[in-house]
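Here the structure comes first, spelled out in structure tokens, and everything after it is commentary.
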Number of protein chains: 2
Amino acid sequence: MATIKDLAAKVGVSVATVSNVLNGKPNVGAAVRQKVLRAAKQLGYRPHRAAQAMRKGRTRAIGLVLPDLTNPFFPQLAQAVENTARNLGLLVCLIDSQGGAVGESDGLILLAQHGVDGVIWCPVGQHVPAPLRTLDRPVVLIDRPRPGFAAVHSNYLMGGQLLAQYALQQGHTRIGLLSGPSDLESARQRRNGFVRAFPKRLDVAWEVRVGFDGVLTREARDTLLRRQRATLIVAGNDLIAINAIHFLAEHHVQVPDDVSVTGFDDISWARIVSPRLTTIAQPLAAIGTRAVELLQERMAGAAIPSRATVFDVTLVERESVKNI
Amino acid sequence: MATIKDLAAKVGVSVATVSNVLNGKPNVGAAVRQKVLRAAKQLGYRPHRAAQAMRKGRTRAIGLVLPDLTNPFFPQLAQAVENTARNLGLLVCLIDSQGGAVGESDGLILLAQHGVDGVIWCPVGQHVPAPLRTLDRPVVLIDRPRPGFAAVHSNYLMGGQLLAQYALQQGHTRIGLLSGPSDLESARQRRNGFVRAFPKRLDVAWEVRVGFDGVLTREARDTLLRRQRATLIVAGNDLIAINAIHFLAEHHVQVPDDVSVTGFDDISWARIVSPRLTTIAQPLAAIGTRAVELLQERMAGAAIPSRATVFDVTLVERESVKNI
DNA sequence: TACATTGAAAAAAACGTTTAACTAGCCTCT
DNA sequence: AGAGGCTAGTTAAACGTTTTTTTCAATGTA
């Protein structure tokens, strides 16, 4: 790999001048500038990132900390993040914490050690890992907002409302809720958006909380079987919805004929299960892209106040809800 | 962040000595060694990776270059790679080329610039991108072997054979082949493993080649509808199988009642479609893990000959094949 | 006693950049 | 003509490590 020194030697000029040219500093003549640029191109010069990092304290790499890549929610996000980052010349360093707080913590330590300039983080619990504090770099939360952090996510309230509106349209008023974990803001808002949209007209027959990974607790399974009076089951996300549908099918309850189900997220699975899932689509790619842009702003400069960027969601109607 | 200098000052010893302690060099007294270690722990010292990188020319980071994270085949692989890498103290830098050769090339340039110590690569085409040559770091291919490269992948031949054996068991002898692209070794071996297992007893009624992304060409669709005499369709991977099943369903051909279908890979989707897919499971996590281990060996030392590590596969029987 | 050998530690150089401080030459202004 | 200011450069220091070389004292040997 050619170094700045090689360039300097080749052009017959000092390394400082070469550096100045490469960084677009003004104090260098047009002729020399040209020569340096030409030589750089000719030798295929690429700055040594480690050396730059050492001098400037910036690595032009960012961390992406996710709970679980095999959860079909994340790949699209990761892809969007990587691609926009790369377009900005940023390298993405991946941490998959496997849903564990220790993995998350270890990952952040590793990122800190490598001196990433910022991190995009989808937190797994509700605590703030110690390494994040000492990291002292901008952080943008993704999908899961928290007070005091910059975040980009979907308008969960709106999603809940759209679902409520659609439920009424399709003639459903007796609702069963398979909500996500109550300690996740995103789960709470999905639920509240739905429940508070038409409190008079929608009747919540029952509610059970399960994890976003979709595994059904004993309570959830029992409730589903009893099923009480609900004609529509509103799940906290697609994973939950899909598991519920499968569980019901095993017990000879057909969706949507016997009971309707909605999801949330429009993960890839929603399109391929049967019945295909009526759900709320988030603009995942846009979220990933925006998160990188936001992070880059923060990395570049001034301390921007920590607000959340919220994206509209849309209802995608498929076959898991019956008009009654 | 505490530096080696801080440690030196605190203990009252030179930086060289601190470095020697930290690197386990022998030429330092037991007393001093203890004191340095204690101080390091106390100050929470972490080596500055960029500085180390500059001096040693190693970054303790590796690249992971994938064609498409949203292809459900890759997340598990990526997760396994990240986790084992992290356990070895290696940071994983992700490149998602979106299936394009330019993205792949750009990504490799970015990785080279950051000086990753090696890369795990699932190549998208059959050419070798220029940046890979100049990178001059160990490379381990994953899932898609090529002559002259170290690689870790499944025993595709075996998968094809298992499928052939199972087909006969279930009474199928007239086969339709929806093979993967012929320029991919892995696709060829899947196909050949099947076709050559029982050439006398299995009769290939038709064969069409499609991409591993599963989108059905016009020819594939036409052939599926005519369907000729085949009772079993052997798809090159799960994506193809699932698309075929959906396409057939749209045209009122029921799987497995009217025709049976097998996949390959056992991606997450295979479990949730209906009918659930009978397919070949690859040990994805093991492959990812092994790839990292192999890479690390190569990064550490001697030029090991470039051979392929091959994992056994298993047949997972679900409901997409009917016994006739 | 003189001299080589060893062990423990320090000093200094090096990695590839950036940047602050400096300099030489030229121009402009009194 | 001399002071001051630009312009276009150069020199040198710095970033945090590792590593080579050097120093120094203690020990062993003849």
Side-chain angles (χ1 to χ4, degrees), chain A residues 1-37 39-40 43-61 89 91 112-117 134 136-137 300, chain B residues 1-37 39-40 43-61 89 91 112-117 134 136-137 300:
Chain A
M1 278 275 166
T3 107
I4 217 178
K5 228 175 193 165
D6 301 332
L7 291 195
K10 173 151 182 154
V11 177
V13 84
S14 78
V15 292
T17 300
V18 174
S19 174
N20 284 334
V21 170
L22 263 23
N23 291 292
K25 296 287 169 63
N27 55 334
V28 41
V32 174
R33 165 161 278 129
Q34 284 310 315
K35 282 205 280 187
V36 170
L37 256 22
L43 267 61
Y45 169 78
R46 304 270 168 194
H48 189 298
R49 282 283 158 86
Q52 288 185 311
M54 201 162 132
R55 204 35 243 236
K56 304 216 222 186
R58 312 270 114 181
T59 52
R60 304 217 41 87
L91 186 65
Q113 228 170 118
H114 279 264
V116 293
D117 293 343
T134 64
D136 192 33
R137 290 266 190 265
Chain B
M1 278 274 166
T3 107
I4 215 177
K5 227 175 193 167
D6 301 332
L7 291 195
K10 171 150 185 156
V11 179
V13 84
S14 78
V15 293
T17 301
V18 174
S19 174
N20 284 335
V21 170
L22 263 21
N23 291 292
K25 296 286 169 62
N27 55 335
V28 41
V32 174
R33 165 162 277 129
Q34 284 311 315
K35 281 205 280 184
V36 169
L37 255 23
L43 268 60
Y45 169 79
R46 304 270 166 194
H48 189 298
R49 282 282 158 87
Q52 286 185 313
M54 200 162 133
R55 199 44 241 230
K56 303 217 224 186
R58 310 271 114 177
T59 52
R60 306 218 37 89
L91 186 65
Q113 233 171 111
H114 279 263
V116 293
D117 292 342
T134 64
D136 192 33
R137 291 268 188 263

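In what follows, every heavy atom counts, from backbone to side chain, and hydrogens, waters and symmetry copies are set aside. Every chain is numbered from 1 and lettered A, B, ... according to where its sequence line falls, protein lines coming before strand lines.
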State whether B:Ser19 places a side-chain N or O below 4.0 Å from either non-bridging phosphate oxygen (OP1 or OP2) of D:dT18.
-> yes

For atom CD1 of A:Ile4 and atom P of D:dT10, their distance in whole Å | 12 Å

Nearest to the side chain of A:Lys25, which nucleotide is it out of C:dT17, D:dT11, C:dT19?
-> C:dT19

Quick note, B:Ser14 side chain, CB onward, closest among C:dA10, D:dG16, C:dT18 is C:dA10

D:dT18 phosphate, OP1 or OP2, under 4.0 Å from B:Gln52 side-chain N/O = yes

Choosing from C:dG16, C:dA13, D:dT10, which nucleotide comes nearest the side chain of A:Met54?
-> C:dG16

Where the side chain of B:Val13 is defined as all heavy atoms beyond and including C-beta, which of D:dT17, C:dA10, D:dT19 is the nearest nucleotide?
-> C:dA10

Checking D:dT19, C:dG16, C:dA9 against the side chain of B:Asn27 (C-beta onward), the nearest is C:dA9

Side-chain heavy atoms of A:Val21 within contact of A:Leu37, under 4.5 Å | yes

Taking C-beta and beyond as the side chain, do A:Leu22 and A:Pro47 meet within less than 4.5 Å on heavy atoms?
-> no

Looking only at side-chain atoms of A:Tyr45, point me to the closest of C:dA13, C:dA10, C:dT17.
-> C:dT17

Is the shortest side-chain N/O distance from A:Thr17 to OP1 or OP2 of D:dT10 below 4.0 Å?
-> yes

Reported NZ-to-CG distance for the pair A:Lys10 and A:Leu43, which is rounded to 0.5 angstrom = 5.0 Å

A:His48 side, atom NE2; B:His114 side, atom NE2 - distance, nearest 0.5 Å | 11.5 Å

Roughly how far, to the nearest 0.5 Å, is CG of A:Asp6 from CE of A:Met1?
-> 12.0 Å

Specify the separation, in whole Å, of atom CD of A:Gln34 and atom P of D:dA8.
-> 14 Å

Roughly how many Å is it from CE in A:Met1 to C1' in C:dC15, rounded to a whole number?
-> 16 Å

Looking only at side-chain atoms of B:Val32, point me to the closest of C:dA9, D:dC15, D:dT18.
-> C:dA9

Can you tell me the distance, in whole Å, between the CZ atom of B:Arg58 and the P atom of D:dT19?
-> 12 Å

d(CG, A:Leu22; P, C:dT19) in whole Å = 12 Å

Starting at the 5' end of DNA chain C and moving along, which residue's nearest nucleotide shows up first, A:Lys5 or A:Arg55?
-> A:Lys5

Take the protein atom CG of A:Asn23 and the nucleotide atom C1' of C:dA20, then report the distance between them rounded to whole Å.
-> 15 Å

Using atom NZ of B:Lys35 as one end and atom P of C:dA8 as the other, report the distance to the nearest whole Å.
-> 15 Å

Got A:Arg137 and A:Arg58 here, is their nearest side-chain heavy-atom distance under 4.5 Å?
-> yes

Please give, in whole Å, the distance from C:dA14 P to A:His48 NE2?
-> 17 Å

Look at A:Lys56 and C:dT17 and indicate whether a side-chain polar atom (N or O) is within less than 4.0 Å of OP1 or OP2.
-> no

Most 5' of A:Ala30 and A:Val15 on DNA chain D, judged by nearest nucleotide = A:Ala30

Between B:Asn20 and D:dT18, is there a side-chain N or O to OP1/OP2 distance below 4.0 Å?
-> no

Closest to the side chain of B:Ala16, out of C:dG16, D:dT10, C:dA12, is C:dA12

